[in-house]
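Working notes for the structure below.
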Number of protein chains: 2
Amino acid sequence: MRDRRYGQFCGLARAAEVLGQRWTLLILRDLLVGPRRFSDLEAGLPGIPTSVLATRLKELERDGLIERSLRTGSDRSVVYQVTERGQELRPALEALSRWGAATMTTPHEGEVITQASLVSALRAAARDHANRPSARAVYQIEAADAVAHATVDEHDITVEPGPHPKPDLTIVAGPRYRDLLAGTIAPADAVATGAAELHGNSARLDDFTRTFQVPYSPTLTDPPAGVAASPGTNQGDRS
Amino acid sequence: MRDRRYGQFCGLARAAEVLGQRWTLLILRDLLVGPRRFSDLEAGLPGIPTSVLATRLKELERDGLIERSLRTGSDRSVVYQVTERGQELRPALEALSRWGAATMTTPHEGEVITQASLVSALRAAARDHANRPSARAVYQIEAADAVAHATVDEHDITVEPGPHPKPDLTIVAGPRYRDLLAGTIAPADAVATGAAELHGNSARLDDFTRTFQVPYSPTLTDPPAGVAASPGTNQGDRS
DNA sequence: CGGGATCCCCCGAGATACTG
DNA sequence: CAGTATCTCGGGGGATCCCG
């Protein structure tokens, strides 16, 4: 566990020392959705070696971003959860998410959509209450095997994993779904082009796209992605 | 140059693929201050291997964050500068800087302060114009061997490297200077405790601390830093 | 002298197997 | 379920060398 320091008295350098290791940001993304067990994390991060996950969890605990606790009750298992210090990362991770979302024109081959990635993407896309419709609504969003729901009122937006019992509108995302959030496709055309399939009060789609928005960088040349293919399959949450 | 991908259709994962390599964030920090030559970057990033710097610059160019250009005129040399896509990273890097700044209670042994780190730290600390005094002012800030100046008016704050010909107030930072920005030390006590030495209109210090602010995490336990020692020496800008 | 390329060494990540 | 152990291999740290 050597010193991967940068030797600079600088906030960005300090952040990079803690967060710059491989998989660290994605582990935190998942834990910011909610407490998770070791095997939950492993399932939500396809490809991570167990040894790396174990090492990262120890480092993050040492650095004060997360803590282990023993779940009480029927299943006495270990859960990891973010500390207050870890919570403070939220604005920075959401800014990074939005920046990265500009390159997501289409999934690369084999890319999956996990429950945590869907939730954190929607949280990052949530607009300020001054810049969105004031109507209350509950949306359910489905993409590949991931499901999340968003509860919107005048003050807050909360996004949680899993389905909702009575959503006003359910949106089943197609391959070009992201273009809908980017404003490249008009909501009215979304269903026609296959960007999304709707259930429920489809008139709410307009409100939805004005409530959640991702940036769009027209100058981007995404590396050739072959077929704009199936997002693959999701592992992870017992929702 | 293998695929250090994460295999997830997720903005944060995409960002981590581009930015998560070692030294990348610090290279971008320096380039966001202004165009730099290879040797400028090398000098401003003590400890970076030239091979890593060359590799990172190629990757960043490939990913569209920076571009090489040949400087015209007397010195025909190569300069690297951020593209518009690179500029879009500013909010995310500033959020990371602020988060990391909370751990900067005292410099670790051997940590240096570079020109670019000082400039980017001040830019990240600049408060919204709704939350700061409206007075115009020019501040010069000196920390270790680094110097920067900030020009504040009602609308904007600009921070640039190097000294200013006629600052209203010059602040020479001592070891506990950051506590001043964090609000842990009252401005009136700053000079007495050695947190800062002032030249010029010292009544402006109050405005300064209300214009630039860094977060403070009281729960942090910084690893033992030995002596709260000399920040070392700065390399870098020909200012 | 600026702008790298090349070399060696070793750490850390990936992959898989195994254990409390 | 929650990790540890072991192996291999690519990439970073560090020094040196090279080219226009």
Side-chain angles (χ1 to χ4, degrees), chain A residues 1-8 13 16-27 30-31 35-61 66-81 110 235-238, chain B residues 1-7 13 16-17 19-27 30-31 35-61 66-81 110 235-238:
Chain A
M1 196 172 294
R2 294 272 313 248
D3 261 339
R4 302 228 39 77
R5 303 257 177 92
Y6 286 108
Q8 301 201 359
E17 288 165 0
V18 175
L19 307 173
Q21 312 295 338
R22 195 151 160 77
W23 293 104
T24 299
L25 286 176
L26 296 191
I27 293 169
D30 282 21
L31 288 177
R36 291 289 183 270
R37 295 175 303 177
F38 189 93
S39 50
D40 298 330
L41 291 168
E42 195 179 5
L45 301 168
I48 192 174
T50 60
S51 54
V52 170
L53 179 55
T55 303
R56 291 293 171 271
L57 289 170
K58 269 180 246 169
E59 291 167 351
L60 287 171
E61 192 182 6
I66 68 172
E67 53 192 13
R68 293 170 49 113
S69 60
L70 294 174
R71 200 173 345 206
T72 60
S74 51
D75 64 335
R76 294 207 309 280
S77 58
V78 180
V79 288
Y80 296 89
Q81 53 192 339
Q235 309 284 88
D237 256 301
R238 70 267 168 248
Chain B
M1 196 172 294
R2 293 273 313 245
D3 263 338
R4 301 226 42 73
R5 301 258 177 89
Y6 286 108
E17 289 165 0
L19 307 174
Q21 312 295 338
R22 196 150 159 76
W23 292 104
T24 299
L25 286 176
L26 296 191
I27 292 168
D30 282 22
L31 289 176
R36 292 288 183 272
R37 295 176 302 177
F38 190 93
S39 49
D40 296 332
L41 291 167
E42 194 179 6
L45 301 167
I48 192 174
T50 63
S51 55
V52 172
L53 179 55
T55 303
R56 291 294 172 271
L57 289 171
K58 268 180 249 171
E59 292 167 350
L60 287 172
E61 191 181 6
I66 68 172
E67 54 193 12
R68 294 169 49 112
S69 60
L70 294 174
R71 195 166 359 197
T72 60
S74 51
D75 63 334
R76 296 206 307 282
S77 57
V78 181
V79 289
Y80 296 90
Q81 53 192 340
Q235 309 285 89
D237 255 300
R238 70 262 167 255

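Lettering of chains follows the sequences in order, A, B, ..., and the numbering in each one begins at 1.
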For atom [atom1] of [X] and atom [atom2] of [N], their distance in whole Å:
| X | N | atom1 | atom2 | answer |
| --- | --- | --- | --- | --- |
| Gln21(B) | dA13(C) | CD | C1' | 12 Å |
| Phe38(A) | dG20(C) | CZ | C1' | 14 Å |
| Leu45(A) | dA13(C) | CG | P | 15 Å |
| Asp40(B) | dC1(C) | CG | P | 15 Å |
| Glu59(A) | dG3(D) | CD | C1' | 15 Å |
| Leu53(B) | dG4(C) | CG | P | 9 Å |
| Ile48(B) | dG4(C) | CD1 | P | 13 Å |
| Tyr6(A) | dG14(D) | OH | C1' | 16 Å |

OP1, OP2 of [N] versus side-chain N and O of [X]: anything below 4.0 Å?
| X | N | value |
| --- | --- | --- |
| Arg4(A) | dG12(D) | no |
| Arg22(A) | dG11(D) | no |
| Ser39(A) | dA2(D) | yes |
| Lys58(B) | dG3(C) | no |
| Tyr80(B) | dG4(C) | yes |
| Arg37(B) | dG4(C) | no |
| Arg68(B) | dG4(C) | yes |
| Arg5(A) | dG13(D) | no |

Closest-nucleotide 5' rank along DNA chain D - winner of Thr50(B) and Arg56(B):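 Of the two residues, Arg56(B) wins.
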Could you check which of dA2(D), dT4(D), dA13(C) has an atom nearest any side-chain atom of Val52(A)?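 The nucleotide sitting nearest to the side chain is dA13(C).
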Using atom types as modelled and distance alone, determine if a side-chain donor or acceptor of [X] lies under 3.5 Å from a backbone N or O of [Y].
| X | Y | value |
| --- | --- | --- |
| Thr24(B) | Gly20(B) | no |
| Gln21(B) | Arg56(B) | no |
| Arg5(B) | Ala13(B) | no |

Students often get this wrong, so: under 4.0 angstrom with heavy atoms, is Glu42(B) touching a base, only sugar-phosphate, or nothing?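 The residue Glu42(B) makes no contact with any strand.
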Are a donor atom and an acceptor atom from the side chains of Tyr80(B) and Arg68(B) found within less than 3.5 Å of each other?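 Note: Tyr80(B) and Arg68(B) side chains meet the donor-acceptor criterion.
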Do Ser69(A) and Gln81(A) have a side chain donor and acceptor closer than 3.5 Å?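 Checked: Ser69(A)/Gln81(A) side chains pair up, N/O donor to acceptor below 3.5 Å.
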